Number of protein chains: 2
Amino acid sequence: MTDKKKQILAVALELFANDGFNGTSTSKIAKEAGVSEGLIFRHFEHKNGLLNALVQQAVERIRLLIEPILIETDPKKVIQKSIDLPFALPESEYPFWKLQFKLKWENDYEQDKMRPFIEKLTWAFSNLGYIQARKEAEVLNHIIESISIGILREGRKSQEGLKEFILRKYLK
Amino acid sequence: MTDKKKQILAVALELFANDGFNGTSTSKIAKEAGVSEGLIFRHFEHKNGLLNALVQQAVERIRLLIEPILIETDPKKVIQKSIDLPFALPESEYPFWKLQFKLKWENDYEQDKMRPFIEKLTWAFSNLGYIQARKEAEVLNHIIESISIGILREGRKSQEGLKEFILRKYLK
DNA sequence: GTCTATAAGTAGATAGAC
DNA sequence: GTCTATCTACTTATAGAC
């Protein structure tokens, strides 16, 4: 991947996250990235190719993010790491995740990247003696998702107070 | 409000919810609503006026939706009604609520319509002897929000199993 | 004469081609 | 890197209905 290609993707990510896909023109991307508009089409064929590339990045980034949880063998640590997940996101990646959450509302967006994560949570709750481990996992996943949204929309501080509270709720 | 004005709003709602605000042209709205494009601007001044009208509707609809909870005096019923909230939404209103959740990701969207709801939940938990009533309320609000999103994206059935589980969790 | 509606425009932006 | 056919939000001219 050339520097200019990377630069185009980085700018597209930021603009898509802020102004939406349809609210962002290819000419604006080119201008902000300091490249000619034609280069965008050379690298990505059409505007949608840009989005596809960003979504592909997301698949890999989510995989890396939940990997340490999937290989964890201590059920308590699985839960603790899961709750910590949204708080551990570097702020520089917020636009990236914002875009992913926005895209979830598009009709043709592939879901279920978190399926292995929920399976692992189920395993953890099961191991800790919870009877309805699956439901517990789904509820905790809901909480984590909603906290993530809160962090992305209003900043980490808006949710920080909840972290200790939830940890205690599940691990004491 | 004339029939044609209502018709324009109804079509705009559906198209904005499906294709996004920037992904929807005024000409398409006019065509689908069976009116001339000019009529949109006569009634709503500019395209944004359409959105404003829809958001205004939302403010009122949310108020009506949470009102029965706010006037409830039995704390257990407050929690039960709150958990029931997303499941009680008529399916015909799903596009409407989808649009509201999408708009939450826009920068200039007014938040905090749910503040009185969280206050009431806090009051309920406090009344039931919970020590950290405020945090409990925030967590339950997170769960309800995330379940709502699940219902709007994947249908009511995808979340139905969680309802009894959460009710039992909080009310037994 | 105001209100509701339309059809036919305009100037600028847009994705993509050359 | 210039060009263009198409689409965009919005306007103007016009006119019947109450």
Side-chain angles (χ1 to χ4, degrees), chain A residues 1-58 95 98-100 102-103 105-109, chain B residues 1-58 95-96 98-100 102-103 105-110:
Chain A
M1 181 119 64
T2 67
D3 278 1
K4 295 219 168 180
K5 192 174 177 185
K6 273 189 213 160
Q7 177 65 6
I8 290 170
L9 270 180
V11 169
L13 163 62
E14 194 138 342
L15 292 179
F16 287 168
N18 283 329
D19 308 330
F21 179 72
N22 285 305
T24 304
S25 67
T26 50
S27 70
K28 195 176 177 191
I29 295 170
K31 200 178 287 176
E32 294 230 355
V35 302
S36 75
E37 200 178 343
L39 190 61
I40 294 175
F41 295 95
R42 171 168 285 272
H43 280 310
F44 301 98
E45 202 170 357
H46 29 245
K47 194 186 172 190
N48 242 302
L50 267 174
L51 237 199
N52 295 339
L54 288 171
V55 169
Q56 207 40 52
Q57 282 192 342
K98 255 167 116 164
L99 178 60
Q100 301 309 320
K102 273 177 114 160
L103 285 176
W105 289 103
E106 306 307 322
N107 294 326
D108 52 352
Y109 190 69
Chain B
M1 180 118 63
T2 67
D3 279 0
K4 296 221 170 184
K5 191 174 178 184
K6 271 189 213 160
Q7 177 67 6
I8 290 170
L9 269 181
V11 169
L13 164 61
E14 194 139 341
L15 292 179
F16 287 167
N18 283 330
D19 308 331
F21 180 73
N22 284 306
T24 304
S25 66
T26 51
S27 71
K28 195 176 177 191
I29 294 169
K31 201 176 286 175
E32 294 231 355
V35 302
S36 72
E37 200 178 343
L39 191 60
I40 293 174
F41 294 94
R42 182 145 294 265
H43 280 310
F44 301 99
E45 202 169 359
H46 28 244
K47 193 186 173 189
N48 243 300
L50 265 174
L51 237 200
N52 295 341
L54 289 170
V55 169
Q56 207 40 52
Q57 284 192 340
F96 177 82
K98 253 166 116 166
L99 178 59
Q100 300 308 320
K102 272 177 112 162
L103 285 176
W105 288 104
E106 306 307 322
N107 295 325
D108 51 353
Y109 189 70
E110 177 109 14

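Note on naming: letters A, B, ... go to the chains in the order of the sequence lines (proteins, then strands), and numbering restarts at 1 for each one. All values derive from a computational prediction rather than experimental measurement.
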Result for 5'-nearest mapping on DNA chain C, choosing between B:G34 and A:G38, is B:G34
How close or far is atom C1' of D:dA9 from atom CZ of B:R42, stated in whole angstroms? 16 Å
Write down the distance between CD (B:E37) and P (D:dA13), rounded to a whole number of angstrom. 18 Å
Could you tell me the separation between the CD1 atom of B:I40 and the P atom of D:dC10, rounded to a whole number of Å? 10 Å
Any side-chain heavy atom of B:L13 within less than 4.5 Å of one from B:Q57? no
With heavy-atom distances below 4.5 Å as the criterion, would you say the side chains of B:V11 and B:V35 are in contact? no
Base, sugar-phosphate alone, or nothing: which one does B:K5 contact when heavy atoms must sit under 4.0 Å apart? nothing
Rounding to an integer number of Å, can you tell me how far B:L15 CG sits from D:dA9 P? 12 Å
What is the separation between atom CG on B:L39 and atom C1' on D:dC10, rounded to the nearest whole Å? 14 Å
Hey, which sits more toward the 5' end of DNA chain C by its nearest nucleotide, B:D3 or A:K47? B:D3
Taking the side chain as C-beta and beyond, is there a heavy-atom pair between A:L103 and A:L54 under 4.5 Å? no
Atom-pair distance (CZ on B:F21; P on D:dT8), nearest Å: 13 Å
Is any side-chain heavy atom of A:F21 closer than 4.5 Å to one of A:K102? no
What is the distance, to the nearest angstrom, from the CD1 atom on B:I29 to the P atom on D:dT8? 11 Å
Assess whether side-chain hydrogen bond (donor to acceptor under 3.5 Å, both in side chains) is satisfied between B:E37 and B:S27, documenting all intermediate values. CA-CA 6 Å; B:E37 200 178 343; B:S27 71; 5.0 Å; no
Shoot me the first and last contacting nucleotide of DNA chain C against chain B, ordered 5' to 3', at under 4.0 angstrom to non-hydrogen atoms. C:dT4 to C:dT6
Short side-chain N/O contact from B:T26 to OP1 or OP2 of D:dA9, under 4.0 Å: yes
Using a 3.5 Å distance criterion without hydrogens, assess whether the side chain of B:K28 forms a donor-acceptor pair with backbone atoms of B:G23. no
Euclidean distance, A:T2 OG1 relative to A:L39 CG, rounded to 0.5 Å: 7.0 Å
